[in-house]
Structures are given as C-alpha cells and as structure tokens.
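Keep in mind that the numbers below use all heavy atoms, side chains included, and drop hydrogens, waters and symmetry copies. Residue numbers begin at 1 in each chain, while the letters A, B, ... track the order of the sequences.
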Amino acid sequence: MSDKNHLYLVDGSSYIFRAYHRLPPLTNPQGVPVGAVYGYTTMLWKLAKDLHEADGPTHLAVILDHSSQSFRNEIYDQYKANRPDPPEDLVPQFPLIRHATRAFSLPCIEMENFEADDLIASYTEAAVREGWDVTIVSSDKDLMQLVREPDEGPRVDMLDTMKNVRLGVEAVHEKFGVGPELVGDILALMGDSVDNVPGVRGVGPKTATKLIVEYGDLEKALAGAETMKPSKLRDNLIEHADMARLSRILVDLKRDCPLPDALDALKLGAIPPAPLKVFLDEHGFRSLSAKLDNGASPGGPPTLPKATSAAAAEAPSTPALPAMPAIDRAAFECVTTLDALDRWIAEARAAHVVAVDTETASLDSVTGRLVGVSLATAPGRACYIPLGHGGTDMFAERPEQVDFDAALDRLRDLFADEAVLKVGHNLKYDIGVLAQHGVAIAPYDDTLVMSFALDAGKHGHGLDELARLHLDHVCLTFKEMCGTGKSQISFAEVPLDRATEYAAEDADVALRLWNLLKLRLPLEGGTRVYEMVDRPLVAVVESMERAGVMVDRDYLARLSGEFATEMQRIEAEIHKEAGQPFTIGSPKQLGEILFDKLGLKGGRKGKSGDWSTDQNELERLERDGVPIARLILEWRQLSKLKSTYTDALQAQINASTGRVHTSYSLVGAQTGRLSSTDPNLQNIPIRTEVGRQIRDAFVAAPGHLLLAADYSQIELRLAAHMADVPELKEAFAQGQDIHAATAIELFGEVNRDTRAKAKTVNFSILYGISRWGLAGRLEITPDEAQALISRYFERFPGISDYIRDTLEGAREHGYTETLFGRKTWFPRIKAANQNERQGSERAAINAPIQGTSADLIKRAMARMPAALAAAGLADVKMLLQVHDELVFEAPEALAEPAKEVIRGVMAGAAEPVLKLSVPLDIDIGTGKSWGDAH
DNA sequence: GATAACTCC
DNA sequence: AGTTCTGGAGTTATCC
C-alpha cells in the first residue's frame with residue numbers, strides 16, 4: 001500500500017444510463033423508479049469502502065453533466081442533436097443521483113457549458129500535475145484518451161464497476177489498436193451516431209484503426225488519401241476531410257476548465273452515517289440500511305464487508321482487516337523434537353486457537369496413513385510436525401522425526417482441550433484421519449464450511465481458491481510436491497524442508513481465512529445456519545462415513561454375472577437387427593447405425609453434430625414400433641447397473657472394515673444439500689425392478705437391522721408452507737393424496753391420467769419449468785401447457801406470488817434464502833444471455849425449497865446422535881443420507897424403540913426456530929437389507 | 001478432458 | 001431473427 005494520493009472521478013451521468021439498462025426496474029416506497037439509483041448507491045458504497053485499500057481512493061468526486069447543452073453546440077449545432085429523450089422512468093432518477101451523492105457527503109461537481117467529460121479531463125490533468133494517481137470510474141470510450149501508464153510518475157486508469165475491471169493502457173490498445181494519445185484521432189474518423197459526431201462515412205472502428213496505424217495520425221491519414229489507390233474509402237476520406245477535422249475538435253476533451261472545487265477539497269474521509277441512513281430508508285434500500293445499522297460505514301474505519309447487491313456478488317468478498325504479515329514460507333518451522341513440539345502446544349494454548357492440517361500417504365481418510373501434522377497459532381506463525389516420513393519397512397531410511405506415539409499423546413490433549421479452538425479447512429478429513437489414532441478434535445471451526453455458509457454459488461471453497469480470492473496469495477500445490485500420474489510420489493517421500501513449506505502454509509492460510517470469515521458470519525447473517533446446522537454436522541457426517549455400510553460382495557458378484565449373460569444375449573440380438581456388429585456403448589456409432597444405416601426417421605442431432613440416442617429418443621422409436629430401440633434401452637440399463645454398481649461397488653469395499661465408506665461433501669450442492677462420492681451412495685437404483693435388486697446388496701451386520709426413514713413429500717409440503725397455499729396445506733393436514741387434490745383443482749376430477757398429470761405439474765412448478773418444458777413432459781402443445789400453468793397459478797395464487805417475490809429478491813440482493821437463512825447466490829441472475837439468465841431464474845425458484853428441505857434433514861442429523869444416546873440407543877448408528885432419507889443400523893432388539901426417537905427428531909427438525917404450517921410425515925421401515933427396509 | 005448417457009432425490 | 005424444452009447431484013464409457 002502506498003501513501004500516495006489517489007483521486008477517483010466518478011462519471012455519474014454515464015453510469016446512470018448503464019445502470020438503468022442493467023438493473024431491474026425497482027421502485028421506492030413512494031412508487032418512484034429507483035433501479036438505477038440503487039445501482040449507483042451500491043457503487044458509491046463500494047468505492048468509499050475501499051478507502052485505505054491498496055489502489056483505493058484517498059480523494060473522490062462525482063462529476064455530472066450540467067445540462068444537455070455545452071460549448072460544443074456552438075462549434076457544431078448538430079452536436080447531440082438527434083439523441084433520443086431518456087426513458088420516462090429514468091428522468092425522475094437524475095435528481096436522485098445528486099441526492100444520493102450528498103447522502104454520502106461526497107462532492108458532486110458540474111459546470112454550465114461543460115460536459116462531465118471535460119471536467120473529468122481537467123481534474124485528471126490537475127491531479128497528475130500534483131503527482132497523484134487517478135482512476136476514472138466510467139467505461140465511456142471517449143475518456144480512454146486520458147489513460148496513462150508512464151514508467152514512473154502518476155498513473156491514470158479507468159474502472160468499470162459493473163464488470164469490476166480496471167482498464168489501463170493495455171486495454172486501450174486492445175480496444176482501439178493504438179495508445180491513448182491517438183484515441184481522439186480514431187474517434188474522429190469513426191464518428192459517433194449517438195452524439196452525432198459526423199466522422200467519415202464508411203469508416204468504422206476497424207478501418208479507423210487501420211488508417212491511423214498505417215499513416216501515424218489523423219492529419220497524415222487525410223493527407224495520404226490523395227496517394228491511395230482509387231477506392232470508395234479514398235473518395236470518402238477526401239470528401240469528408242473537413243468533417244473529420246471538425247469531429248476531431250468535438251471529441252477532444254477540454255483539459256483546462258476552471259475547477260469549481262480545489263483538489264484538496266475532494267479528500268475522502270469517514271462518511272457520516274446519519275444523512276446516509278435517512279436516504280437509504282427513504283428509498284427502501286433495506287440491505288444497505290441494515291449494513292449501516294450493523295456498524296458498517298463506508299469510507300471510514302472500520303471498513304466492513306461490502307453491500308449485498310447483485311453487483312457485489314461478482315466480486316470476491318474481502319473485508320478489510322487489520323494488516324497481516326505476508327505469508328513467508330521460509331519462516332515456517334519443522335518440528336523434530338518433543339521440546340519444540342511442547343513449545344508450539346504451549347503457544348496454541350496461550351492463543352486459545354490453533355489451525356490444524358494433517359498430511360497423509362493417500363487421499364482416503366479411512367485408510368490414509370498419517371504422515372504429519374501442521375499447526376498455526378497466529379498469521380505467519382506455523383510449523384510442520386513430520387511423523388511418518390520416509391519408507392515404511394523396518395530398514396528404510398527415515399529422516400529424523402519426533403516419536404510418533406509420544407507426539408500423538410501430546411496432540412491428543414491439545415486437540416481435546418475445551419479451551420483451545422481448533423480451526424481447519426475441511427476438518428471432516430482431519431477428524432477422520434486422527435480418529436484412526438484415537439485422537440478427537442473439539443471444539444472446532446471449519447473454514448470450508450464457513451465459506452460455504454457465506455458464499456455458496458459465488459465461487460468454489462477450496463483452500464487454494466480462497467487464498468487467492470481473500471488473501472491474494474497463491475498456495476503451493478499438491479502437484480508441485482508430489483507430481484502427477486505414474487511418477488506421483490507419496491507425501492511421505494517429500495523432503496522435510498519442502499513438506500514443511502507446503503503443510504505449514506495450509507495451516508497458516510486456514511488461520512488467516514478463519515480470521516476473515518468469522519468476522520463476516522455475523523455481519524452477513526451466516527451465523528445461524530453455520531452454528532445450528534453446518535458446523536455440528538461436520539463431526540456427525542464424519543462418523544457416518546467412518547461407520548460405513550455393509551455390502552454383500554457375493555451377492556453383487558452373482559448379479560454381475562447375471563447381468564453379463566443377459567447383456568450378451570441382447571447384444572447378439574441388437575447386432576442381428578443392425579445387420580452388423582458395432583459398439584453399442586458408443587452413442588456416435590449407435591446413432592449412425594439407427595439413423596444413417598437403418599434410415600430411421602425423426603432423429604435429432606445435438607450440438608456435436610451427432611445423432612441423439614438418449615432415452616427420450618429411443619422411447620420415441622419404440623413407440624413407432626422399432627424393436628431395436630427396446631433392446632438398446634435394456635442393454636443400456638444393464639450396462640449401467642453392472643459397471644456403476646455391481647462391479648464398482650465390490651471394488652469399493654474397504655479391505656479392513658469389510659464395509660463401504662462413502663465420502664459426503666458438505667459443500668457439494670449450492671442449495672445446501674449434501675453430495676456423496678467414492679462411491680456415490682445417493683443414486684443407488686430404486687425405480688425399476690432390476691435396479692432395485694442392487695439395494696438388496698446393502699445389508700445389516702449380523703444381529704442387526706437396517707432402518708430407513710424418509711420424509712414424505714417434503715418439498716411439496718415446504719412449497720405449500722412457504723408459498724402459503726391454503727388448499728395444499730389443508731390437503732397435507734388431512735393426510736390427503738396431494739396429487740389427487742391437485743388434480744381436482746386443475747381438472748375437476750381424479751383418475752389415473754389426471755393424477756399423473758397433476759403430479760408432473762406439481763414438480764414442474766417447483767423447478768420453475770416453462771410452458772415448453774411442461775409441454776414436452778406431458779406431450780401436449782405449449783399453448784395447452786400454458787393454459788395448465790395459468791390455471792395452476794389461478795387456483796394457487798400463493799405459488800405465483802412466491803415465484804415473483806423470490807425472483808425479485810434474487811435480482812435485488814443477488815441471493816435467495818431458505819427458511820433458516822441459508823443463502824444461495826446467483827451471480828448470473830442478470831446475465832444478458834437469456835439462457836444463462838433463465839437458468840439462474842429456475843434455480844433461484846427451486847433453491848429456497850430444496851435448500852430448506854436440506855436444512856431440515858441436516859438439523860435432524862445434527863441432533864440425532866444425542867437424541868439416540870439420551871434414549872439409551874447409542875448403539876443405533878446413522879449410516880447414510882439420501883436427501884430426504886436417513887438409513888440406520890440397529891441391533892435387532894433396538895430397532896423398534898429407535899423408530900420413535902428417529903421419527904420424533906425428524907418430524908421436529910424445524911423446531912424451535914420455526915413453526916411449519918404443514919405436518920412433516922415420516923415413513924419408516926426396517927429389514928435385513930436396504931431393499932427390505934423400504 | 002469433454003461429451004453423452006444414466007442413476008438418484 | 002429466432003428460440004425458449006424442470007431443480008440439485010456423481011459415475012462410467014467413448015472419443016478426441
């Protein structure tokens with residue numbers, strides 16, 4: 001950070017036009033349109049907040065056009081003559097820009113006869129003469145003439161706050177192909193239809209750049225026209241030379257206007273909150289107002305997190321903090337004696353917080369051998385304790401290290417110390433590794449989970465990514481330590497000095513991130529969901545993973561064999577139908593066989609140019625009476641079941657436990673759902689009879705039963721509650737068939753057909769489907785689908801209100817929220833690209849419902865172990881979660897009593913913070929296998 | 001590594 | 001000018 005003065009000049013007039021087109025048409029409580037003003041206000045907030053940041057403003061002024069007339073009209077009476085009137089709902093926002101600026105106690109400068117651009121140019125000149133840096137907050141191409149980037153001396157750049165990019169000389173070159181000093185010449189040749197700068201007919205940006213680059217400047221290009229070979233361009237240049245010269249004068253910026261305020265008067269300081277508060281409340285800018293109430297004041301210490309506007313969503317969230325020392329890998333200590341270890345442990349106890357990271361020989365927390373532990377006690381204070389480096393056999397060479405057991409004994413006490421908070425990034429992993437050695441970790445904070453609670457949807461949450469975003473630091477990578485592919489080595493083989501740099505850095509970074517994120521949680525409303533749901537869940541989910549689930553290997557092998565035989569039979573039939581052998585598993589070959597060789601009609605091609613052969617397409621062919629289609633579908637199903645389940649699952653059985661240990665990600669789904677990998681136990685087949693057999697491979701241990709408990713219709717229930725639909729709530733309260741009830745509302749009668757349709761509509765609405773999507777699903781026309789949707793909204797007006805309110809909220813704030821306050825961000829909700837935007841809209845409609853459902857089951861999971869223990873059922877183990885279902889393993893005698901405890905915890909998951917207006921019904925079954933338990 | 005296909009809620 | 005074709009996940013296979 002430099003103590004140099006840095007002047008920010010905000011081009012208010014051009015900003016408001018852009019904001020008007022980019023932001024939704026909000027109105028304030030008085031009904032005045034304020035969308036652009038809101039954008040402007042959040043921009044000022046962000047700019048003022050960056051005071052004291054590197055490259056942030058020390059001085060700031062907003063520059064406005066005084067009127068539509070300026071001295072240029074005297075030079076050329078047609079200047080800006082055919083500019084259209086501003087849109088009707090933008091006009092009342094012009095004066096509000098001045099109000100907003102005054103509310104921030106910032107200088108607002110305008111001057112008769114001069115345009116904002118001229119004042120900006122003049123202030124820039126004056127500041128540069130004083131040796132100040134200048135940032136012009138605008139994306140107006142005319143102002144690019146002012147950019148400068150000398151080897152030494154002041155720098156002038158531009159800042160586009162909407163795209164959050166800074167533009168320097170390089171960007172000018174990119175846009176115009178020449179440096180800033182020649183931009184005026186380019187603009188003069190091009191002309192500008194909006195400002196009615198004539199330019200030369202037939203010359204656009206490309207030709208203008210070509211001419212200036214070739215001849216050197218405007219005058220030389222005009223002079224050179226005479227010698228050009230005859231062309232339309234040559235004629236135009238000669239004919240319009242005078243217009244080009246006039247244009248050059250019009251686009252030139254006046255750099256010596258009188259300055260209404262002296263430079264020093266533009267000094268940026270703490271912004272008095274009182275007038276700002278009045279302004280924010282007057283216009284209903286609630287999120288900013290709340291921030292102000294929370295103590296965040298833009299412009300002066302303390303500087304706190306930025307506004308929760310959609311614009312802010314695109315930038316990384318980095319609150320200003322007391323300065324931390326730079327990350328210095330050379331300062332990390334490699335601990336090789338017990339004395340040194342004791343000193344670090346004492347330091348951690350004194351600090352009452354320690355960041356922890358474990359290194360293992362493989363990436364599996366159940367089998368991964370512990371290789372070392374790193375600790376950090378303060379930013380910049382970190383060490384690595386190697387415990388298992390070197391070869392594993394008795395005679396292998398091992399670098400000097402502390403005694404494994406003695407070190408773990410000492411760490412065990414520290415990690416269980418109630419007075420020392422343990423911080424880690426993805427602690428679930430470290431808890432799992434250390435549990436293998438009888439070491440427990442409590443209390444703890446997890447920066448991965450904290451980041452997710454704050455920024456789900458904004459960016460990833462990996463340690464390296466967060467370090468780049470929040471600490472502007474690039475971490476050493478695992479790849480740099482261990483290599484990749486065949487030559488990859490185990491972390492145990494990494495030399496101690498390198499291992500120390502890598503491992504201690506991770507602990508140091510985690511601790512720094514924790515310092516940032518713990519500050520943001522309460523300010524941004526993330527505390528409740530983090531403390532009540534996600535943080536306690538880390539240990540609960542870890543114990544589920546470690547428990548694993550028993551899988552019957554012989555049974556799977558038998559199924560694999562059956563599937564293989566059946567596949568061979570079908571394969572032969574398919575090849576016979578096709579008249580030649582081919583790879584059925586290749587969609588490309590299959591498409592060619594079906595549509596080129598056999599000449600089947602009605603195929604569609606995807607964007608790769610290949611024929612589509614997906615399930616929809618094959619089912620269509622089947623209906624058209626094409627026998628091969630059915631065979632392919634059957635073959636595909638068996639192939640999927642065999643490769644993904646019956647073969648793969650056998651390989652996933654852990655050799656030492658004899659069980660399958662999945663890994664759950666707490667940050668895997670933007671909505672707050674868990675995800676499951678290695679293997680994914682959340683997509684075990686159930687829909688078809690053949691697939692269902694795989695569920696029978698998941699069995700209870702001898703003397704035990706599996707118990708499966710699932711929420712019935714949870715998302716529809718939550719939709720009925722959240723959108724406040726009396727008819728649906730009533731139907732749920734009376735335990736009615738909800739799809740049948742919907743069918744009555746939609747079609748006036750219930751039969752198989754109308755119920756199935758109603759069910760489709762119910763789910764489709766939750767997913768924000770369009771009429772075209774529904775039409776495809778129900779095989780009706782888009783018009784009929786639209787009629788159905790309209791009728792649904794008419795019958796359940798709460799649903800259409802919910803959708804409207806959810807989308808408005810997402811556009812205004814950039815995020816949606818669950819009933820428990822979990823945020824999901826939608827940075828693309830205002831994307832110019834329609835597909836992207838509508839995709840975000842559908843996701844935003846669904847996220848509060850799916851996310852609330854995820855919150856509920858997670859709350860149930862977090863409470864479950866204690867509830868079971870309190871009922872004397874500590875031997876009942878929670879094993880699996882499948883979004884609305886929990887699977888337990890219970891000693892046979894405990895299965896019945898466990899049912900009631902589990903039902904109680906699940907049904908009461910919303911309480912006490914929330915009273916739902918619909919009951920939560922739980923279906924519970926038991927059996928020797930997962931299949932039986934359903 | 002990308003794409004298409006399929007599995008689940 | 002012309003299109004819009006349900007949300008959230010993970011794994012396997014083929015092909016480049």
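- Taking every side-chain heavy atom of A/P685 into account, B/dT7 is the closest of B/dT7, C/dT3, C/dA13.
- Taking 4.0 angstrom as the limit, A/S586 places a side-chain polar atom (N or O) nearer than this to OP1 or OP2 of C/dC15.
- The A/N846 side chain lies nearest to C/dG7 when the options are C/dG7, C/dT12, B/dT7.
- Residue A/Q637 places its side chain closer to B/dT7 than to any other of B/dT7, C/dG10, C/dG7.
- Side-chain proximity of A/T644 to the nucleotides C/dT12, C/dG10, C/dC15 is greatest for C/dT12.
- With respect to the salt-bridge test (charged N to carboxylate O, under 4.0 angstrom), the residues A/D932 and A/R695 do not qualify.
- Here A/Y802 and A/H721 keep their ring centres 6.0 angstrom or further from each other.
- Taking side-chain N and O atoms only, A/S770 has no distance below 4.0 Å to OP1 or OP2 of C/dT4.
- Taking atom C1' on both nucleotides, C/dT4 is separated from B/dA4 by 22 Å, rounded to a whole Å.
- Taken residue by residue, residues 921-934 of chain A places no heavy atom nearer than 4.0 Å to DNA chain B.
- With B/dT7, C/dG8, B/dC8 as the choices, the nucleotide that has an atom nearest any side-chain atom of A/Y645 turns out to be B/dT7.
- Among the nucleotides C/dT3, C/dG8, C/dG10, the one closest to any side-chain atom of A/A843 is C/dG8.
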Test log, rule salt bridge (charged side-chain N to carboxylate O under 4.0 Å, His left out), inputs A/E619 and A/R630: CA-CA 7 Å; A/E619 279 171 356; A/R630 170 85 302 203; 5.7 Å; no

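- For the pair A/K823 and A/Y815, the cation-pi criterion (under 6.0 Å, within 45° of the ring axis) is fulfilled.
- Tested against A/D446, the residues A/V538, A/L537, A/D534 include a single side chain to side chain contact (heavy atoms under 4.5 Å, CB included) partner, A/V538.
- Taking the side chain of A/K640 as heavy atoms from C-beta on, and the options C/dC5, B/dC9, B/dT7, the nearest nucleotide is B/dT7.
- Checking C/dG2, C/dG8, C/dG10 against every side-chain atom of A/N680, the shortest atom distance belongs to C/dG10.
- Note: A/H739 and A/F763 have tilted aromatic rings, judged against thresholds of 30 and 60 degrees for the angle between ring planes.
- Taking 4.0 angstrom as the limit, A/Q615 places a side-chain polar atom (N or O) nearer than this to OP1 or OP2 of B/dT7.
- Using a 30° and 60° split on the angle between ring planes, A/H461 and A/H459 fall in the tilted class, from 30° to 60°.
- No side-chain donor from either of A/T824 and A/T816 sits under 3.5 Å from a side-chain acceptor of the other.
- In this model, the phosphate group of C/dC5 is not approached by any side-chain N or O of A/Q838 to a distance below 4.0 Å at OP1 or OP2.
- Among the heavy atoms of the strands, none lies under 4.0 Å from A/G768.
- Distances from the side chain of A/R673 to the nucleotides C/dG8, C/dG10, B/dC6 place C/dG8 closest.
- Using a 4.0 Å heavy-atom cutoff across all strands shown, A/R771 reaches no nucleic acid atom at all.
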Pairing pattern in dot-bracket form [Watson-Crick, G-U; both distances under 3.5 Å; | = partner strand] for DNA chain C: ......|||||||||.

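- Among the protein residues, A/A847 comes within range of no part of the nucleic acid, since none of its heavy atoms lies under 4.0 Å from any strand.
- Here A/D710 lies out of heavy-atom contact (under 4.0 Å) with every strand.
- Looking at A/Q850 and A/S853, their side chains never bring a donor and an acceptor atom within 3.5 Å of each other.
- Within the 4.0 angstrom heavy-atom criterion, no nucleotide atom of any strand lies near A/S639.
- Distances from the side chain of A/I686 to the nucleotides B/dC9, C/dG8, C/dT11 place B/dC9 closest.
- Across all strands shown, A/G776 has no heavy atoms under 4.0 Å from either base or sugar-phosphate atoms.
- Identified under the salt bridge (charged side-chain N to carboxylate O under 4.0 Å, His left out) test for residues 711-720 of chain A, with sequence neighbours left out: A/R673-A/E715, A/R717-A/D921.
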